[in-house]
Amino acid sequence: MVPGLLRRCLLDEPVGQLSERVAVANGLDGCRASPRRLGPCPGGTSRLRSNRGTFTSPTRLPAMLAPLSNYGWTMNPTTLNDTLLIESVLITKLFGQFDHSIDMSASRSDNSPSRRLTLLYGDNGTGKTTILNILWNALSESRERHHRAYLANSPFNTLSIRLKNGDVITIQKKEGLTGDFDVTVEGVDVDVRQSYAQLPDGTVIAEHQGYEEKRFKSVEYQLKRELRARYMHGKPGSSSDQMFLFSEEGPDAYVDYLSNLHANPYFLADDRQIYGDDIGHLPGNARKRRYEQQDDDGPNDTKSALGKELGLAMKRFHLYMQQLMFKGSQTGSRDTNKIYLDILRRVAHRDSAHEDEAPITELLQRLNRVAGRTQRYSEFDLMPTLRSQPFESILKDIPADRAAVAEEVIFPYLEAQEARLDALDETEKLIRTFVDQANGFLKTKRLFFDMVHGIRVLSLGSDNQALSPFQLSSGERQILLLLTNTTLARQNTRLFLIDEPELSLNVKWQRKLMPALLACTEGSGMQFLVATHSVEVITNNEDALARLSSK
């Protein structure tokens with residue numbers, strides 16, 4: 001919609017002629033309005049001009065976006081429960097020595113940001129990292145990630161996880177600290193019992209009818225494999241036969257329970273790689289090949305795994321925000337359709353003799369509010385800026401007796417813009433929080449984000465040079481990786497496990513770290529369990545502290 005439409009209102013041009021000639025939305029050249037559509041251009045090929053350059057219409061995003069799965073990530077379509085997941089954790093005889101009780105709710109109020117945070121603190125060797133690993137495997141449902149095998153091999157006697165919904169998950173080793181174990185889940189309308197058996201080769205399978213036959217086949221396979229090794233100079237050969245043997249596992253009551261729980265925990269390990277069932281983590285050479293396929297513009301710092309990991313995280317963040325933008329634009333379009341239906345109903349029941357005339361001042365105020373919002377959203381190229389000045393100059397010249405006509409023209413446009421803004425509101429807040437938190441750490445550099453370029457870090461020197469992840473300091477890479485992964489994780493997981501987030505961070509950054517991570521996940525139910533040695537990380541979060549005894 002352009003101000004020329006208001007000028008034609010003053011000339012009392014017939015509405016039918018207006019609809020054929022007016023451009024829809026500020027700056028949308030080439031779009032033809034119709035009585036059915038006074039909002040964004042119909043889907044297809046429109047490109048807008050924003051104050052930051054070319055703006056691509058969200059209707060074209062699906063054809064442009066590479067799937068997140070290309071970068072080892074998927075977007076969870078399920079809306080996660082926004083309540084916290086875990087109440088407490090109890091583990092006995094860890095390493096045969098330690099009994100640890102971890103209260104993840106403590107006495108914190110429901111309004112406290114730290115209610116979603118628990119810090120594990122203790123001497124080296126007391127099991128902080130092991131506890132994170134055990135919890136990640138205990139609450140992950142995938143049958144392909146060897147979660148149950150890790151539990152079988154981890155030296156503990158009993159693990160009890162009390163959930164906020166009242167369910168209690170108990171993992172009990174049958175004999176000693178490793179090997180076969182039982183899992184029970186008890187709660188309101190919940191009674192799950194599943195046993196797991198560890199086969200001679202280390203594979204763990206759920207016990208069910210017919211599993212004894214697989215146990216026998218496993219022993220037979222192991223003998224054949226050893227015989228083959230003797231005749232192949234000690235090389236056991238491929239394990240593809242073993243993979244085929246257990247490719248069709250039987251029913252697993254505990255995995256079924258986890259799939260309904262939607263915990264999907266993420267684990268950011270001390271190698272700075274993030275692990276999760278819906279993250280395509282590729283170990284060893286496969287991961288190296290994935291890195292080599294990326295387009296890096298930085299210097300030849302090929303040994304920097306952290307730089308490569310950050311580069312992938314930045315690309316995932318960019319694609320994720322584009323998907324959120326497209327999703328919000330679709331919602332805004334649906335809301336726009338509802339708006340025009342309401343307009344038609346009002347027109348159909350309009351009583352011109354008793355119609356209340358909207359003061360021009362109210363239209364101007366609403367116009368300026370919309371213009372202010374579009375200005376903020378255009379910072380990230382979420383939508384073009386509405387230039388309100390041409391509208392204002394015309395509206396102020398409209399006589400009082402034509403105010404109702406002006407409202408008929410501009411009201412649908414403003415409502416359509418507000419619908420689009422409302423649909424993108426969460427995405428705008430998410431991006432702004434991430435950018436603000438990141439720039440709270442950077443001093444000689446500045447981070448920017450827009451839908452065209454994604455995340456960019458610029459040097460604040462005379463040249464304002466754009467820097468690649470390889471040109472950032474170790475601490476800068478570390479903090480940006482933490483913030484990026486945390487923002488990405490809020491959509492997909494209810495539990496984020498982090499091991500020693502203070503690595504490479506100075507004292508000041510360590511103090512600011514946890515508030516920044518909580519800010520990036522505000523409004524979600526994502527719970528943090530963090531293992532740390534840093535007194536600075538604990539500062540101002542002492543109510544979230546869980547001390548592990550060394551006795």
Side-chain angles (χ1 to χ4, degrees), residues 85-86 89-96 98-100 127 129-163 167-187 190-223 225 239-265 267 275-278 281 495 497:
L85 179 65
I86 299 178
V89 175
L90 173 66
I91 187 167
T92 65
K93 298 302 179 183
L94 180 62
F95 309 131
F98 304 117
D99 296 338
H100 294 312
T129 299
T130 302
I131 289 173
L132 297 184
N133 269 295
I134 288 174
L135 284 175
W136 180 64
N137 285 280
L139 294 173
S140 296
E141 65 181 88
S142 174
R143 294 171 180 255
E144 302 172 358
R145 296 292 183 99
H146 309 293
H147 295 305
R148 265 54 72 186
Y150 183 90
L151 294 175
N153 292 321
S154 296
F156 67 90
N157 181 255
T158 305
L159 173 69
S160 179
I161 306 172
R162 181 176 294 276
L163 305 182
D167 294 352
V168 179
I169 301 171
T170 303
I171 299 176
Q172 176 72 53
K173 297 293 176 63
K174 291 184 177 181
E175 295 182 11
L177 302 178
T178 59
D180 299 359
F181 60 92
D182 296 323
V183 177
T184 62
V185 184
E186 297 177 332
V190 174
D191 187 9
V192 174
R193 301 183 185 280
Q194 181 65 63
S195 296
Y196 293 91
Q198 187 171 35
L199 304 182
D201 67 338
T203 304
V204 173
I205 62 172
E207 294 185 7
H208 55 84
Q209 186 176 5
Y211 95 93
E212 285 290 355
E213 181 181 355
K214 286 194 173 184
R215 182 191 288 268
F216 174 77
K217 287 184 178 181
S218 174
V219 174
E220 182 182 27
Y221 167 82
Q222 196 71 12
L223 290 173
R225 193 165 183 261
S239 61
S240 59
D241 294 338
Q242 178 77 343
M243 295 296 292
F244 174 77
L245 180 64
F246 298 103
S247 60
E248 297 182 3
E249 293 191 19
D252 189 324
Y254 182 53
V255 168
D256 292 341
Y257 170 81
L258 291 177
S259 65
N260 292 322
L261 184 63
H262 299 299
N264 191 31
F267 183 22
Y275 298 82
D277 282 353
D278 57 359
H281 174 66
L495 178 64
L497 308 162

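Just so you know, these numbers use all the heavy atoms, side chains as well, and skip hydrogens, waters and symmetry mates. Computed from a prediction, not measured in an experiment: that's the story for all the values here. We're numbering straight along the sequence, starting at 1.
Take Asp182 and apply the salt bridge (Lys or Arg N to Asp or Glu O under 4.0 Å) test, not counting sequence neighbours, and it matches Lys174. For Thr158, the side-chain contact (heavy atoms from CB on, under 4.5 Å) partners are Thr92, Thr170, Gln172, not counting sequence neighbours. Qualifying side-chain hydrogen bond (donor to acceptor under 3.5 Å, both in side chains) partners for Thr129, counting only residues two or more places apart in sequence or in other chains: Asp499. Residues satisfying the ring pair (Phe, Tyr, Trp, His ring centres under 6.0 Å) test with Tyr196, not counting sequence neighbours, are Phe181. The ring pair (Phe, Tyr, Trp, His ring centres under 6.0 Å) search around Phe156 returns none, not counting sequence neighbours. With sequence neighbours excluded, the residues satisfying side-chain contact (heavy atoms from CB on, under 4.5 Å) with Ala149 are His146, Val204.
Side chains of Ile134 and Leu94 form a contact here, defined as non-hydrogen atoms less than 4.5 Å apart. For the pair Val183 and Tyr257, the minimum side-chain heavy-atom distance is 4.5 Å or more. Under the 4.5 Å side-chain criterion, counting only non-hydrogen atoms from C-beta, Ile131 is not in contact with Leu497.
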Worksheet item: side chain to side chain contact (heavy atoms under 4.5 Å, CB included) between Ile169 and Leu159: does it pass, once the steps are laid out?
Response: CA-CA 8 Å; Ile169 301 171; Leu159 173 69; over 6 Å; no

Worksheet entry | Stepwise side chain to side chain contact (heavy atoms under 4.5 Å, CB included) check, Phe95 with Thr130 | CA-CA 10 Å; Phe95 309 131; Thr130 302; 3.4 Å; yes

Worksheet item: Can Leu163 and Leu261 be said to form a side chain to side chain contact (heavy atoms under 4.5 Å, CB included), step by step?
Response: CA-CA 10 Å; Leu163 305 182; Leu261 184 63; 3.9 Å; yes

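Note: Gln198 CD to Asn153 CG = 5.0 Å, rounded to the nearest 0.5 Å. Interatomic distance, Ile86 CD1 to Leu495 CG, rounded to the nearest 0.5 Å: 4.5 Å. Considering CD1 of Ile161 and CG of Leu85, their distance stands at 8.5 Å, rounded to 0.5 Å. In this structure, Leu135 CG and Leu151 CG are separated by 9.5 Å, a value rounded to the nearest 0.5 Å. Rounding to the nearest 0.5 Å places CG of Asp99 at 5.5 Å from NZ of Lys93. The distance from the CG atom of Asp191 to the OG1 atom of Thr184 is 8.5 Å, given to the nearest 0.5 Å.
Checked by atom type and distance alone, the side chain of Ser142 pairs as donor or acceptor with a backbone atom of Glu144 at under 3.5 Å. Although no hydrogens or angles enter the test, the distance criterion places a donor-acceptor pair under 3.5 Å between the side chain of Ser259 and the main chain of Asp256.
Screening Arg145, Arg143, His147 for a side-chain hydrogen bond (donor to acceptor under 3.5 Å, both in side chains) with Asp277, the sole residue that qualifies is His147.
Closest approach of Pro251 to Gln194, counting heavy atoms only: O-OE1, 4.2 Å. The minimum heavy-atom distance between Val168 and Ser160, with the atom names listed, is CG1-OG, 3.7 Å. Residue Asp252 comes nearest to Ala206 through the heavy atom pair OD2-CB, 3.5 Å, listed as atom of the first residue, atom of the second, then distance. Gly176 approaches Asn157 most closely through the heavy-atom pair O-ND2, 3.9 Å.
Salt-bridge annotation for Glu186 and Arg193: present, with a side-chain N of the basic residue lying under 4.0 Å from a carboxylate O of the acidic one.
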